2 protein chains.
Amino acid sequence: MDRSADHVAALNRVLELAVLINIDMRRGLAERGLTESRTHVLWELHQRGPSTQRELADALRVSPRNITGLVDALAATGFVSRQPHPSDRRATLVHFTEHGAEVARRLERDQQEFARVLFTGMPKTQFSNLVDGLDAVLDRLRPLVPLHDRDIDDG
Amino acid sequence: MDRSADHVAALNRVLELAVLINIDMRRGLAERGLTESRTHVLWELHQRGPSTQRELADALRVSPRNITGLVDALAATGFVSRQPHPSDRRATLVHFTEHGAEVARRLERDQQEFARVLFTGMPKTQFSNLVDGLDAVLDRLRPLVPLHDRDIDDG
DNA sequence: TATTGTTATACTCTATAACTATA
DNA sequence: TATAGTTATAGAGTATAACAATA
């Protein structure tokens with residue numbers, strides 16, 4: 001029998017979930033003077049510690065030129081500072097300012113709070129069924145997508 | 001007990017799924033001469049039929065000025081054409097060209113094929129558990145997000 | 001008066017290519 | 001020679017504001 005309509009309906013649920021999560025996770029960024037791309041940089045710095053722009057470009061899979069602009073903007077708005085690399089005078093190390101580090105910590109707390117809202121109190125069986133189903137779909141999807149080794153950055 | 005780590009892990013699965021789906025669904029757009037934003041316009045036209053630019057702006061929740069640019073681009077590349085509105089001479093009706101209509105039909109077929117790849121052959125119980133879990137999370141999330149009445153456009 | 005779509009202007013993200021300084 | 005980051009240039013998406021034509 002043809003379950004095509006059920007499959008499309010399930011895909012639409014996943015898509016709606018993605019849209020809603022995206023809307024929610026972007027809330028407050030503008031108020032903090034951040035855009036999504038700049039937040040990705042902050043998130044990466046939060047995970048990696050002080051990094052060269054080349055490392056950031058590779059991690060975010062954007063051009064070095066793009067990182068120059070994003071770091072310019074983050075520096076101008078007080079989230080990060082450029083510091084000389086101790087052993088390679090071509091490179092710069094991008095560090096958090098105190099403000100930037102605080103914002104990054106808050107982003108992480110917000111993410112934890114968001115996960116709590118989504119899942120806390122859900123029946124244990126339903127939660128584990130959901131996780132199992134997501135894993136099954138991810139297992140099908142990962143081989144189809146290049147760069148699936150990429151870490152997820154989700155400011 | 002604290003299941004915070006489990007919740008964050010589950011959220012990360014959803015985020016990874018969103019990223020991978022996004023990557024996959026964008027594949028081929030560039031080869032067809034489309035960007036994501038222009039594809040949203042095509043998708044909306046496919047759902048709604050010929051529409052005024054105002055209707056498209058409202059549906060996509062972008063400014064009228066932005067729609068002008070997107071329709072300019074789609075018209076210049078042969079996907080749509082502007083036609084006079086039969087009863088309101090201020091407005092224009094955006095129609096598909098034959099090529100644009102064909103591409104929109106193909107996008108829909110691709111979406112169905114993608115749903116098939118993700119879900120076909122999955123054990124019935126696992127599939128329905130997954131759908132139930134997604135519904136539960138969506139029920140929690142929708143009230144938190146403004147505009148949750150928005151239709152999902154996922155070119 | 002209100003609405004439709006435009007021109008004018010500006011900002012953000014993105015890319016490639018050429019260049020400087022350094023390795 | 002190769003690498004890190006810049007300037008130069010360009011294109012796409014987005015927004016607000018002012019304006020013309022029409023309702």
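Below, each value reflects all heavy atoms present in this structure, side chains not excepted, and no hydrogens, waters or symmetry copies. Here the structure is a predicted model, which is why all the values come from computation and not from measurement. Throughout, protein chains are lettered first and strands after them, A, B, ... in sequence-line order, and every chain is numbered starting at 1.
Residue T52(A) has no polar side-chain atom (N or O) positioned under 4.0 Å from OP1 or OP2 of dA4(D). For dT12(C), the OP1/OP2 oxygens have no side-chain nitrogen or oxygen of S37(A) closer than 4.0 Å.
Proximity of a side-chain donor or acceptor of E55(B) to a complementary backbone N or O of T52(B) within less than 3.5 Å is detected. Looking only at distances, no side-chain donor or acceptor of T120(A) sits under 3.5 Å from a matching main-chain atom of V117(A). The closest donor-acceptor contact from the side chain of T97(A) to the backbone of G78(A) lies under 3.5 Å.
The distance between atom CZ of R89(B) and atom C1' of dT4(C), rounded to the nearest whole Å, is 13 Å. When rounded to the nearest whole Å, the span between CZ of R82(B) and C1' of dG5(C) equals 9 Å. For the pair E36(A) CD and dT14(D) P, the interatomic distance rounds to 12 Å; values are reported in whole Å. Atom CG in L60(A) sits roughly 8 Å away from atom P in dT14(C) (whole-Å rounding). Taking atom CG of residue D58(B) and atom P of nucleotide dT4(C), one finds them 8 Å apart after rounding to whole Å. Summarising the geometry, the separation between CG on L56(B) and P on dT6(C) is reported as 12 Å, rounded to the nearest angstrom. As rounded to whole Å, 12 Å separates atom C1' of dT4(C) from atom CG of L93(B). Counting to the nearest Å, the P atom of dC11(C) and the CZ atom of R38(A) are 12 Å from each other.
Contact of R90(B) with dT3(C) (side chain to base): a donor-acceptor pair of N or O atoms is detected under 3.5 Å. The base of dT4(C) does not come close enough to the side chain of R54(B) for any donor and acceptor atom to sit less than 3.5 Å apart.
Contacts of residues 63-81 of chain A with DNA chain C (heavy atom under 4.0 Å): S63(A), R65(A), N66(A), L70(A).
In this structure, the nucleotide among dG5(D), dC13(C), dT22(C) sitting nearest to the side chain of D88(A) is dT22(C). Residue T35(B) has its side chain nearest to dA12(D) when only dA12(D), dA15(D), dG5(C) are considered.
Residues F127(B) and H7(A) bring their aromatic ring centres within 6.0 Å. Between F96(A) and F79(A), the distance separating the two ring centers is not shorter than 6.0 angstrom.
The NE2 atom of H85(A) sits 10.0 Å away from the OG atom of S51(A) when rounded to the nearest 0.5 Å.
E113(A) pairs with exactly one of Q111(A), R116(A), R109(A) by the side chain to side chain donor-acceptor pair (under 3.5 Å) rule, that one being R116(A).
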